[in-house]
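Residue numbers run from 1 in the order of the sequence given. Everything numeric here is computed off the predicted structure, so don't read it as measured data.
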Amino acid sequence: MFHYIESGGTTSDRPTRALWVPRAMSDAAPIEHPTGLTGGDFTAADEPLRLFAAWFTDAKQSEPVHPEAMTLATVDAQGLPNARMVLLKGFDERGFVFYTNSESIKGHELAAAPKAALTFYWKSLQRQVRARGQVEAVSPTEADAYFASRSRMAQIGAWASKQSAALENRHAFEKAIARFTAKFAIGTVPRPPYWVGYRVAPHEIEFWQERPFRLHDRVAFTRASPNAPWTKTRLYP
């Protein structure tokens, strides 16, 4: 079951080709404790995506703004890292999905080097999740479905914004918004061909829980390929 994050921040389940049932995300006893964890609670989990789903559920209840916010790191042609905040729009056993303009800086960097790192930090829970892996484009059907769920103004904004390109002034952007508002005054707004989704298929996911005196808990899950089993390693803080 694909965990689909609506525009308002809520999560719904939409059918996909997932290999495990949705209730498996929350039926593991070791990861059911959102606060007051004792040693070994979350570290006993043996599957990282179920653990992420449980932590993400906790974050949606405690984080005041954008619990789905994550740092996306890519590299440019010289190997220099680039990082920015984006919003997670869905996840399942295949990976973490976000959407953007493929003609943006991040889009060009991902085209040249389709690998990325993600970081989630939920200050209210004192938790961090890091993931790294290959990047692939989501299907046009998936991208169309998510684009259709966006507000009409956000859809028009996707047409009006030449993301990452130089902008002479705000008025030029507002003129572009007005132009596309008029163009799509009637009917649905189609998805721009350059507005796409990317999936980070993780080969490594690390969970970090803050503890007093910097005696934190860290657990890393790694796998050799998307279909390989996960290997868990507990790390020193």
The remaining residues in the hydrophobic cluster of Leu215, counting side-chain heavy-atom contacts under 4.5 Å among Ile, Leu, Val, Met, Phe, Trp and Tyr, are Phe213

Counterpart residues, side-chain hydrogen bond (donor to acceptor under 3.5 Å, both in side chains), relative to Arg218 (two or more places apart)
Glu206

Any salt bridge linking Glu142 with Arg199? Criterion: basic side-chain nitrogen under 4.0 Å from a carboxylate oxygen.
yes

Show the numbers, then the answer: is there a ring-ring contact (aromatic ring centres under 6.0 Å, His included) between Phe91 and Phe56?
CA-CA 11 Å; Phe91 65 93; Phe56 188 63; 5.8 Å; yes

Tabulate below the donor-acceptor pairs under 3.5 Å that side-chain atoms of residues 159-167 make, not counting sequence neighbours, or state none.
| residue | atom | partner | partner atom | Å |
| --- | --- | --- | --- | --- |
| Trp159 | NE1 | Pro190 | O | 2.8 |
| Gln163 | OE1 | Thr100 | OG1 | 2.9 |
| Gln163 | OE1 | Ser104 | OG | 3.4 |
| Gln163 | OE1 | Lys106 | NZ | 3.0 |
| Ser164 | OG | Ile105 | N | 3.2 |

Between Ser102 (side chain) and Trp195 (backbone), is there a donor-acceptor pair under 3.5 Å?
no

To the nearest 0.5 Å, what is the distance between CZ (Arg130) and CZ (Phe207)?
12.0 Å

With sequence neighbours left out, what residues match Ala69 under side chain to side chain contact (heavy atoms under 4.5 Å, CB included)?
His66, Met85, Leu87

Donor-acceptor contacts, no H, no angles, side chain residues 108-120, under 3.5 Å, sequence neighbours left out:
| residue | atom | partner | partner atom | Å |
| --- | --- | --- | --- | --- |
| His108 | NE2 | Glu103 | O | 3.2 |
| Glu109 | OE1 | Thr74 | OG1 | 2.4 |
| Glu109 | OE1 | Arg84 | NH2 | 3.4 |
| Glu109 | OE2 | Asn82 | ND2 | 2.9 |

Other members of the hydrophobic cluster containing Tyr236, with the 4.5 Å side-chain heavy-atom rule, please.
none

Picking from Phe221, Phe52, Trp55, what satisfies ring pair (Phe, Tyr, Trp, His ring centres under 6.0 Å) with Phe42?
Trp55

Find the distance between CE (Met153) and CZ (Arg150) and round it off to the nearest 0.5 Å.
11.0 Å

With rounding to the nearest 0.5 angstrom, report the OH to CD distance, Tyr198 to Gln134.
14.5 Å

Backbone of Pro226 reached by a side-chain donor or acceptor of Arg223 within 3.5 Å:
yes

Okay, side chain of Trp122, backbone of Pro67: is any donor-acceptor separation there less than 3.5 Å?
yes

Using the side chain to side chain donor-acceptor pair (under 3.5 Å) rule, collect all pairs that involve residues 181-193, keeping only residues at least two apart or in two chains.
Asp144-Arg191

Going by the rule side-chain hydrogen bond (donor to acceptor under 3.5 Å, both in side chains), which residues pair with Glu174 if we only count those two or more places apart in sequence or in a different chain?
none

Those residues that, when tested against Thr222, pass side-chain hydrogen bond (donor to acceptor under 3.5 Å, both in side chains) (two or more places apart)
none

Going hydrophobic residue to hydrophobic residue with side-chain gaps under 4.5 angstrom, can you get from Val129 over to Leu235?
no

All heavy atoms of Ala158 vs all of Tyr194, minimum pair found to be O-OH, 3.2 Å

Establish whether Val75 and Val86 are linked, either directly or via other cluster members, by ILVMFWY side-chain heavy-atom contacts under 4.5 Å.
no

Interatomic distance, Lys175 atom NZ to Arg179 atom CZ [nearest 0.5 angstrom]
8.0 Å

Criterion side-chain contact (heavy atoms from CB on, under 4.5 Å) on Thr43 and Lys232, from CA distance to verdict:
CA-CA 9 Å; Thr43 61; Lys232 182 177 71 174; 5.7 Å; no

Would you say Lys123 and Tyr121 make side-chain contact, with heavy atoms under 4.5 Å?
yes

Is it the case that Arg127 and Gln209 place a side-chain donor and acceptor less than 3.5 Å from each other?
yes

Begin with the C-alpha distance, continue with both residues' side-chain angles, and end with the deciding distance and a verdict on side-chain contact (heavy atoms from CB on, under 4.5 Å) for Tyr99 and Val196.
CA-CA 6 Å; Tyr99 290 86; Val196 301; 6.0 Å; no

Nearest 0.5 Å, please: how far is CE in Met70 from CZ in Phe98?
6.0 Å

Is Glu47 reaching over with its side chain to a backbone N or O of Leu49, donor-acceptor style, under 3.5 angstrom?
yes

Return the minimal non-hydrogen interatomic distance between Gly133 and Val200, and the atom names on each side.
N-CG1, 4.1 Å

Are Ile205 and Phe96 close enough that some pair of their side-chain heavy atoms sits under 4.5 Å apart?
yes

Residues that His216 engages under side chain to side chain contact (heavy atoms under 4.5 Å, CB included), provided they are two or more places apart
Trp208, Glu210, Arg211, Arg214, Pro237

